[in-house]
Number of protein chains: 2
Amino acid sequence: MHDLIREAEALCQRAGMTLTAPRRRVLEILAASDTPMKAYDLISKAGEDGRATKPPTVYRALDFLCQLGLVHRIEQDATFVACNHAGHTQPVALFVCNSCLKATEVAYDDVAQMLESAALTRGFQLQRLVIEGRGQCQDCALAA
Amino acid sequence: MHDLIREAEALCQRAGMTLTAPRRRVLEILAASDTPMKAYDLISKAGEDGRATKPPTVYRALDFLCQLGLVHRIEQDATFVACNHAGHTQPVALFVCNSCLKATEVAYDDVAQMLESAALTRGFQLQRLVIEGRGQCQDCALAA
DNA sequence: TAATGAGTGTTATGAAATAACATAATAGGA
DNA sequence: TCCTATTATGTTATTTCATAACACTCATTA
């Protein structure tokens, strides 16, 4: 978990950017959470130490972290989750359990290639790809 | 385009549901648009005849139409688009052009199967799948 | 030391979606 | 037919998600 922060720092440095205080704070909170979080939960959590934290601060940090691939935004429900494979810039698929809400991150090069070629046969040049699943994770299936 | 409405009616009947006035209205507007629309654009457009149309009316219609697969919600930017292959209940991938904003709908059974099995090897049982792309469509690529 | 640029703080507002409750329309059964 | 249950809509208000705009800080460098 502190690994993640260290990796993040290294990654920023390589990219010529800096992991400033608010960015690090947001990443720490996300990394400590076992489920994806809403932006406003982050905002109140980040403000739990003395000073107030306001929406733009957190949204800016999230934009930054998402761009570096350190955090993923789950489009279906506007939540954010820290990336497992810190540092990879490849796209991932995110499977979210409807029961426990935990997110499973999966690399999917093969799938991406299929989609890319499916798009290309229609003359469409892919720049960004979002793949999100909903369902039931193993733990919840066994518990039921 | 009127085909779509007729198909929609048939589909509703088969499902034991009804294509009521507001639902039909929303579907018509979406079908007439060549790009995906935001909910609030629909709301004002639907209100252009005399009577005011309010958010819940349109959101309810959208929920209904999405459930029947007559409309798709694009999660990335919260827009809605009428379905091409009216009646299919299989999932589709949506590729949205960053220039002209038009959406291309693509069936992807093979990709879905890959993702499903990728999920299953992790014990994850998929119930819903969202696949969305962003990029440049053929027309815009040629125009540039 | 001025000028630049990147980042943050703050106020205010815009945009997307839904809760809660009242009302209407419709279909089925006695 | 009349009652009742169900389904859908109308309406008000509010919640949730996100960003615009501008002032300020602080490090870098010319």
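A, B, ... follow the sequence lines: proteins, then strands. Residue 1 opens every chain.
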Sorted by chain and residue number, the side-chain contact (heavy atoms from CB on, under 4.5 Å) partners of A/A21 (sequence neighbours excluded) come out as none
Can you list, by residue number, the residues of residues 92-99 of chain B that have a non-hydrogen atom closer than 4.0 angstrom to DNA chain D?
-> none
Please identify each residue that fulfils side-chain contact (heavy atoms from CB on, under 4.5 Å) with A/D139, with sequence neighbours left out.
-> A/C137
List in chain and number order the residues that pass salt bridge (charged side-chain N to carboxylate O under 4.0 Å, His left out) with B/E9, two or more places apart in sequence or in another chain; answer none if no residue qualifies.
-> B/R24
What is the 5' to 3' range of DNA chain C, first to last nucleotide, that sits under 4.0 Å from any heavy atom of chain A?
-> C/dG7 to C/dT11
Residue pairs passing the salt bridge (charged side-chain N to carboxylate O under 4.0 Å, His left out) test with at least one member in residues 71-83 of chain B, sequence neighbours excluded, are B/R73-B/E75, B/E75-B/R128, B/D77-B/R134
Could you tell me whether B/R60 and B/D63 make a salt bridge, using a distance below 4.0 angstrom between a side-chain N and a carboxylate O?
-> no
Starting at the 5' end of nucleotides 14-19 of chain D, put B wherever the base has a protein heavy atom under 4.0 Å, S where only the sugar-phosphate does, and a dash everywhere else.
-> ---BBB
Has B/T57 got a side-chain N or O lying under 4.0 Å from the OP1 or OP2 atom of D/dG10?
-> yes
Residues B/Q125 and A/Q136: side-chain donor-acceptor under 3.5 angstrom = no
Can you tell me which residue pairs pass the ring-ring contact (aromatic ring centres under 6.0 Å, His included) test with a partner in residues 121-144 of chain A, sequence neighbours excluded?
-> A/F124-B/F95
Per-nt protein contacts along nucleotides 22-30 of chain D (heavy atom under 4.0 Å; B base, S backbone sugar-phosphate only, - none) come out as ---------
All side-chain contact (heavy atoms from CB on, under 4.5 Å) counterparts of A/D41, not counting sequence neighbours | A/M37, A/K38
Residues in ring pair (Phe, Tyr, Trp, His ring centres under 6.0 Å) contact with B/F80, at least two apart in sequence or another chain | none
Sidechain-backbone polar pair: B/T18 side chain, B/T20 backbone, donor-acceptor under 3.5 Å | no
Residues in side-chain contact (heavy atoms from CB on, under 4.5 Å) with B/D110, at least two apart?
-> A/M114, B/Y108
Path from B/L65 to B/I5 over hydrophobic side-chain contacts below 4.5 Å | yes
